[in-house]
Amino acid sequence: MASPAPRLPVAGPSSEPKASMLKRMGGPSDLKAGVGRGGIRTAEEIQHIVHEVSKRSKYFKDQERRDRELQVKVDKLKGRLAQEELTARGDEEDKADAILKELEETRDLSRVIALIDADAFYAACHVRVNPELEGKAFGVGGGMLTTASYGARKYGCRSAMPFFIAQKLCPHLVSLKLEPDLYVKASREIFAVLSKYGTIAPASLDEAYVDLTQYCADQDVTPTEAITRLRAEVQATTGLTVSAGVSPNKTLSKIAADVNKPNGQFVIDPTREACMEFIQGVRLRKCFGIGRVCETLLNGIGLETVGDIFRDRAKLYLVRHHLGQSAHFRFLLGLYLGLGRNRVKRAKRGDRKTYGVEKTFTPTSDPGKLDDVIRRVAKSLAKDLKRADFSGRTVTLRIKHADFVSVTRAHTPGKNIYLRDYKDLVRIGLMLLHKEIDERPKLIARGEEVKGGRNPVLKARLLGLRVGNLRDERALAKANKLDGWVRVSSRSTPEIELSDSDTDVQRDSDLDDDEDEDDDEADPGKRALNAVMRDAAIDPFADAGDGEGGVKKEDAACDPAAFGGASGSGSGSWMCVDDYDNDAEDEDAEVVRGRFGVHRGATVPKPSQRRAQQPSSSTIVQGSSLAAASRAGSPPKRKSPAAEDASANEKGKKRRIRKEEEEAAKPASGNEWTCPVCDKVFAGSEAAMSGHVAKHFADDEPPARPKVKVKKECGSLGGGGMGGSKVSSKTKVKGKGRKG
DNA sequence: TACATACAC
DNA sequence: CATGGTGTATGTA
């Protein structure tokens, strides 16, 4: 901690901003954002402006809190390191070297993997349709910028930046409305071209991995020639430019794609030397899976680049159990070696684990408004589940308090109770929310810890629901050779009546007017596109089981084609399926695999259960039991708002709450649009849309022969971490279906 | 199972 | 005035 002595106050009451905060608030030094080049404003200027505009916001305060907590972590880590060094045995480097040697043996330079990334994709899509925009400074999206054109980036505007801040940086900045159809169309065009060069794995609307190995062999061309042709063809046929990175694995290609962006490429030769040389100087933050926290921790003990991992391998070894998941020792060593996964494979329908919807609104404490948000969210989620034909056992409520601190609360009605209907979701969502609201004052009175400040009245800025422990109704139906649609849609409805008497659901009808664009029949043009995409994306039989709805556990456990992905990453990981290719499949190798095909640590994740494997005879929802369970757990009736205000007063807090509530619970940003594939509504986020729509593309893949799925694998690194994955070695399922 | 955190896009 | 939404993975209890 030793924070620097305060400097002279600069304009206003604020003291000198901390460097970590400047960085946190998205200064141009954020390496991940890849800013730089040809800026009109200096980095300092941008940071200063952003800081000035941000510093009094609640968001900023929250970021400061996180920053402090992170500093504490760093200090702790430093302390541990110092302590470990006192008792070090001196063989730490040897230990690390032994692992390096082990990892080195898994190196596979045989494949040609490319990562293609469109340049300022959303902005480019607009320019394509409206050439006038060329060179102009504009942003796409309302409240939050989804993308900034290169013209705007020169001023420091970046994606994920709130528009009002971007405007401070670039006063003449223009904001364009999101037009999803535009992006989806362009994306499909791009992917269509990519597919001509090999199998692809979309990571988002504008990014995909392509396996060029076969293409290079067939055409007898070098990787450089292949990627040159590919990029030229994309530009010629779509009018959009893309950047690319090519190397023997996804890890390196991802980083390489950034090197000559925009409209450039970087190819790493398939030699150990080239791979290692390339990655040595790379800043840790540039590596997939190393986020701000991990970077900060590593910086704290003196590492800045990938090369430093080797230099400081003894240090890393000493604190290997305190690095957090994202910086797992083996993962870092693998990174240093330039290893990475090299299989390009699309995710399947069955890989999905949760469905969720969340909504931000202007912070409110009004119980009625909060209830309404739950209803809206539940409605949207129910629609998603129905359309996708999934149901789930666990419902998780997320509450983000007004101060940006969030909590989650989950409920699983019962072992065999699978939910998908609106009323069930609302009931559970409201139950969880009310419990939270009601418990809060008690906890505070008792002096216990609570998130979101000490006010007994809960004030939220976001509510969301997520359903997990999914079951693929479609696969199930198919496996049972039943008429899935009939069975599914008629089943879960009846028990709803049981809940109709519940006080909470009475106002469901209110909902219908106020929201939801169920108007599937709205825009004819959009409808046509929907149809096309839906057909392509949601093959009713895809993944439904090839006659085997469930996968036997043993099979699943041994499928090397694990769902791997970069772990920690959300949608990203989802698409990056696979595992580091390694043909040396023996027991020993198994112990060694993990994120890079290397298993980290001693923990071997257990094969996760296949959800489609439950006996189909179970009903989707056992109506009466659900209703009963729900009632049993239902919280006492809530106090009136007036009573809650009274509590607030006790606490000494004012009642200006009233005022705020007037307009509360309105969407924070007016920017809403609908996914052309499934009609899901978004609030205006490039990433959300990207991740979401890309999944439809992922689903697109036809069922590969009898396939076994696995789960767990993933090695990841990320965020959370990386997990180790375990892949078993023995079976190489290259195709043959197995199963008994 | 329940919850918190980290990460990606 | 003011900072999103969807999803995955992991550790820990």
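Each chain gets a letter, A, B and so on, in the order the sequences are listed, and its residues count up from 1.
Phosphate proximity of B:dC9 to A:K254: present, with a side-chain N or O under 4.0 Å from OP1 or OP2. The phosphate of C:dA2 has neither OP1 nor OP2 within less than 4.0 Å of any side-chain N or O from A:R56. Residue A:S204 has no polar side-chain atom (N or O) positioned under 4.0 Å from OP1 or OP2 of B:dA8. Distances shown here put every side-chain N or O of A:S54 at or beyond 4.0 Å from the OP1 or OP2 atom of C:dT3. At B:dA2, none of the side-chain N or O atoms of A:T396 fall inside 4.0 Å of OP1 or OP2 (strictly under the cut-off). Within the structure, every side-chain polar atom (N or O) of A:K58 is placed at least 4.0 Å from both OP1 and OP2 of C:dA2. The shortest distance between the side-chain N/O atoms of A:R466 and the OP1/OP2 oxygens of C:dG7 is below 4.0 Å. Note on A:T408: a side-chain N or O is less than 4.0 Å away from OP1 or OP2 of B:dA4.
Taking atom CZ on A:F288 and atom C1' on C:dA9, their separation rounds to 12 Å, with Å as the unit. Remark: P of C:dC1 and NZ of A:K55 are 12 Å apart, rounded to the nearest angstrom. Between the CZ atom of A:F331 and the P atom of C:dA9 there is a distance of 16 Å, rounded to whole Å. The distance from atom CG of A:L284 to atom C1' of B:dC7 is 15 Å, rounded to the nearest whole Å. Rounded to an integer number of Å, the gap from A:I49 CD1 to C:dA2 P is 19 Å. Atom-to-atom, CG of A:L70 to C1' of B:dT5 comes out at 12 Å; the value is rounded to the nearest Å. Summarising the geometry, the separation between CD on A:E69 and P on B:dA6 is reported as 9 Å, rounded to the nearest angstrom. Nucleotide B:dC7 holds its P atom 14 Å from the CG atom of A:L335, rounded to whole Å.
Minimum atom distance to the side chain of A:K359 is reached by C:dG5, of the listed B:dT5, B:dA2, C:dG5. Nearest to the side-chain atoms of A:V407 among the listed nucleotides C:dA2, C:dG7, B:dA4 stands B:dA4. Of the candidates B:dA4, C:dT3, B:dT1, B:dA4 carries the atom nearest the A:R409 side chain, counting heavy atoms from C-beta on. In the set B:dC7, C:dG5, C:dG7, the nucleotide with an atom closest to the side chain of A:V293 is B:dC7. Counting only heavy atoms from C-beta on, A:T360 has its side chain closest to C:dG5 among C:dG5, C:dT6, B:dC9. Nearest nucleotide to the side chain of A:R393, out of B:dT1, B:dC3, C:dT6: B:dT1. Distances were taken from every side-chain heavy atom of A:E358 (C-beta onward) to each of C:dT6, C:dT8, C:dA2; the shortest belongs to C:dT6. Nearest to the side chain of A:K451, among C:dT6, B:dA2, B:dT5, sits B:dT5.
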Completion exercise
Output field dot_bracket for DNA chain B (Watson-Crick or G-U, both distances under 3.5 Å, | for other-strand pairs) contains |||||||||

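Note: A:F390 and A:Y355 have tilted aromatic rings, judged against thresholds of 30 and 60 degrees for the angle between ring planes.
Using a 4.0 Å cut-off between charged nitrogen and carboxylate oxygen, A:K73 and A:E69 do not count as a salt-bridge pair. By the 4.0 Å N-to-carboxylate-O rule, A:E439 lies too far from A:R409 to be salt-bridged with it.
As judged by a 4.0 angstrom heavy-atom cut-off over every strand, A:S57 is placed among the base-contacting residues. Residue contacts shown for A:Q63 are absent, as no nucleic acid heavy atom lies under 4.0 Å away. Counting any heavy atom pair closer than 4.0 Å across all strands shown, A:K400 reaches sugar-phosphate atoms only and no base atom. Contacts of A:V53 with the nucleic acid, taken as non-hydrogen atoms under 4.0 Å apart, are absent. Here A:I165 lies in heavy-atom contact (under 4.0 Å) with a base. A:R461 comes within contact range of the sugar-phosphate backbone alone, with a heavy-atom separation under 4.0 Å but no base atom that close.
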Exercise for the section: May I have the step-by-step check of side-chain contact (heavy atoms from CB on, under 4.5 Å) for A:V140 and A:Y183, ending in yes or no? Expected result: CA-CA 12 Å; A:V140 182; A:Y183 322 134; 3.3 Å; yes

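Take the nearest nucleotide of DNA chain B for A:K73 and for A:E207: the residue whose nucleotide is more 5' is A:K73. Comparing A:R66 and A:T412, the nucleotide of DNA chain B nearest to each residue sits closer to the 5' end for A:T412. Residues A:T354 and A:F404 each lie close to DNA chain C; by heavy-atom proximity, the contact nearer the 5' end of the strand is made by A:F404.
For the pair A:E64 and A:M21, the tightest heavy-atom approach, listed with the atom from each and the gap, is CG-CE, 3.4 Å.
The side-chain hydrogen bond (donor to acceptor under 3.5 Å, both in side chains) test with A:S243 is passed by exactly one of A:D117, A:D258, A:D119: A:D119.
Checking side-chain atoms of A:H401 against main-chain N and O of A:D403 turns up no donor-acceptor pair under 3.5 Å. Distance alone, capped at 3.5 Å, places no donor-acceptor pair between the A:S391 side chain and the A:L470 backbone. Under the 3.5 Å distance criterion, the side-chain polar atoms of A:K353 are matched with a main-chain donor or acceptor of A:D351. When atom types are taken as modelled, the side chain of A:K261 and the backbone of A:A118 share a donor-acceptor pair closer than 3.5 angstrom.
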